[in-house]
Amino acid sequence: MAGDGERIGADIDLSELAQLIARHAGGMVSIEDARSHVLAYSASDENADPLRVRSILGREGPREYLALLRQWGVFDRLRDTDEVVDVPAHDELNIKRRLVIGVRRPADGDGRTPQMLGAIWLQQGERPFEPDAAEILRGAAAIAGRLISRSLDAPTTAALLIRRLFGAGGPAIDAAVVADALHLPPAGPAAVIGFALVPGGQASAIEPGALGSVLRLHASAFRGDAVTATLGERVYVLLPGYRSAQALTAWTRQLLEQFETQRSLWLRAAIACPVPDPGRVAAARAEVDRVLDSTVAAAPGQRVTTLAEARTAVLLGEVLDLVGTRAELRDPRLRALFDYDRKHSASLRESVETYLREHGDVRAAAAALCVHPNTLRYRLRRVEDILGMRLDDPADRLLLEIQLALHRRLPAHPA
């Protein structure tokens, strides 16, 4: 296809590809999908046989001829090989000779046979095929595979609008216009729910796209006007006209339990409700992301929550995230405490953490540690000596709690 390389690499479509094949391989071309529906074809002349004419006019191959191809084993050969198949002429049926090659999805490197997407048919015309017709068909099949895959994988206009409504895929939009295009209410309260797989367990057993499809079915059963988007590893559901946080939480919790028992999938969910209008959907998504991002709010009892319910945990997590990114904000004095425990097989860190968790109540902390209160008092004095802090100083106590919390959630820190 000399001279057409730039065009092929730029913006060629299936119709243009069919014309190129016909021009360089000789004959007349039709490109079909896996169900033998005609996607594109080249110009025909008086040499087009009735089969070609009927296929183009009907946009698919005639059933009786497709049955013959199956009987002759043509489709089996197309599935089993990447080579060009020569289908001889059939004078009784007034069918002329054809060359055909299967079109497959581009290989993804996983070792599996790529999905069959269709076929390219080249009918012989007045003159024989060009000597390199088979090579041209092989190259054209690779190009057609990319074009058809791109078409199949491209999101619909509605899917793109939904992504934009949730704040993904481009700059700010006119939410009212998008809501109108999606037939959503222009105003009134709604709800946004974000779902995320809990790390570990069966989290890798399902792809986000597949999870999104299943959640879409459940959300649409709950409300017929539900809108779902899969963005990255998370799935978001918009429920227009919904304001009952209590009922919404109950439904979400029931859904998570169902996924756990029936599919062995552990999910977390965060709810933003009410969302006043479509223009606030993106902000609501950011709100549920803050909850889902928080490891502090990820306790087993907090698998379904809202930012309002988890605000303390979310804000604390974000503070710890911020401190964790700044090495100069980590107190180096804790290293001495950890070193002492390691060298002396002691448990000063555990003792002071329990003491702080019990709000400075020595007797309660000692009972939790199963030691005598005087033993705990001795340990706490050692902690003060090592750290150079006073546990009765509010500022020292606050700083120590933050630093210990940081080390608990960042085990990679040197101890």
Side-chain angles (χ1 to χ4, degrees), residues 13-108 110-153:
D13 60 24
L14 287 176
S15 295
E16 293 168 323
L17 179 61
Q19 301 291 352
L20 281 173
I21 300 169
R23 185 161 67 249
H24 292 283
M28 289 164 276
V29 177
S30 63
I31 303 176
E32 301 178 357
D33 66 13
R35 295 177 295 174
S36 299
H37 294 169
V38 177
L39 302 175
Y41 54 89
S42 65
S44 299
D45 57 28
E46 65 277 5
N47 294 293
D49 61 19
L51 171 61
R52 176 175 174 81
V53 173
R54 290 179 60 190
S55 297
I56 292 176
L57 291 178
R59 302 302 293 181
E60 63 181 352
R63 292 183 179 179
E64 62 272 21
Y65 183 64
L66 295 177
L68 276 176
L69 291 176
R70 294 188 186 94
Q71 182 181 335
W72 296 342
V74 173
F75 289 123
D76 290 336
R77 293 171 65 189
L78 290 177
R79 282 192 296 268
D80 295 340
T81 180
D82 293 328
E83 296 303 313
V84 175
V85 177
D86 194 328
V87 183
H90 199 298
D91 294 335
E92 292 182 8
L93 297 176
N94 196 18
I95 295 174
K96 296 188 176 181
R97 181 191 176 200
R98 280 169 167 75
L99 298 180
V100 58
I101 187 170
V103 175
R104 303 180 188 277
R105 184 180 288 274
D108 57 9
D110 61 3
R112 295 179 296 181
T113 302
Q115 175 189 359
M116 190 78 171
L117 299 177
I120 301 176
W121 295 84
L122 179 63
Q123 185 219 303
Q124 186 171 305
E126 182 180 3
R127 294 179 299 175
F129 296 125
E130 295 293 334
D132 59 349
E135 182 180 355
I136 290 172
L137 281 176
R138 282 193 291 270
I143 297 170
R146 293 195 296 269
L147 293 174
I148 297 175
S149 295
R150 194 179 305 153
S151 175
L152 293 174
D153 295 340

Notebook entry, point to check: Below 4.0 angstrom, N of the basic side chain to O of the carboxylate: do R104 and D82 qualify?
Noted result: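 A salt bridge is present here (some side-chain N lies under 4.0 Å from a carboxylate O).
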
Check: Which one of V100, I21, L99, V84 satisfies the side chain to side chain contact (heavy atoms under 4.5 Å, CB included) criterion with I120?
Finding: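 By the side chain to side chain contact (heavy atoms under 4.5 Å, CB included) criterion, I120 pairs with just one of V100, I21, L99, V84: I21.
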
Next item on the list: Determine whether M28 and R52 make a side-chain contact, defined as any pair of heavy atoms from C-beta on separated by less than 4.5 Å.
Entry: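 Of all side-chain heavy-atom pairs linking R52 with M28, at least one is under 4.5 Å.
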
Note to self: In the structure I gave you, are the side-chain heavy atoms of M116 and L78 within less than 4.5 Å of one another anywhere?
What the structure shows: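 Sidechains of L78 and M116: in contact.
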
How many angstroms lie between atom [atom1] of [X] and atom [atom2] of [Y], to the nearest 0.5 angstrom?
X    : Y    : atom1 : atom2 : value
D13  : I143 : CG    : CD1   : 12.0 Å
L147 : L39  : CG    : CG    : 10.5 Å
E135 : E130 : CD    : CD    : 12.5 Å

Next item on the list: Only pairs at least two apart or in different chains count here, so list each ring pair (Phe, Tyr, Trp, His ring centres under 6.0 Å) that has a residue in residues 83-102.
Entry: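 Listed once each, the pairs are W72-H90.
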
Residues that [X] engages under salt bridge (charged side-chain N to carboxylate O under 4.0 Å, His left out), provided they are two or more places apart:
X    : result
D80  : none
D86  : R97
R105 : D153
R77  : none

Checklist line | D76: partners by side chain to side chain donor-acceptor pair (under 3.5 Å), with sequence neighbours left out | finding: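 With neighbours one apart ignored, the set is R79.
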
Note to self: Looking at N47, is its backbone amide N or carbonyl O close enough to the side chain of Q123 to form a donor-acceptor pair, meaning the two atoms are under 3.5 Å apart?
What the structure shows: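 Yes.
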
Note to self: Whether the side chain of R98 engages the backbone of K96 through a donor-acceptor N/O pair (distance < 3.5 Å, no angle test) should be reported.
What the structure shows: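 Yes: the side chain of R98 pairs with the backbone of K96.
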
Next item on the list: For residues S36 and F75, report the shortest heavy-atom separation together with the two atoms involved.
Entry: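 Closest approach of S36 to F75: OG-CZ, 4.1 Å.
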
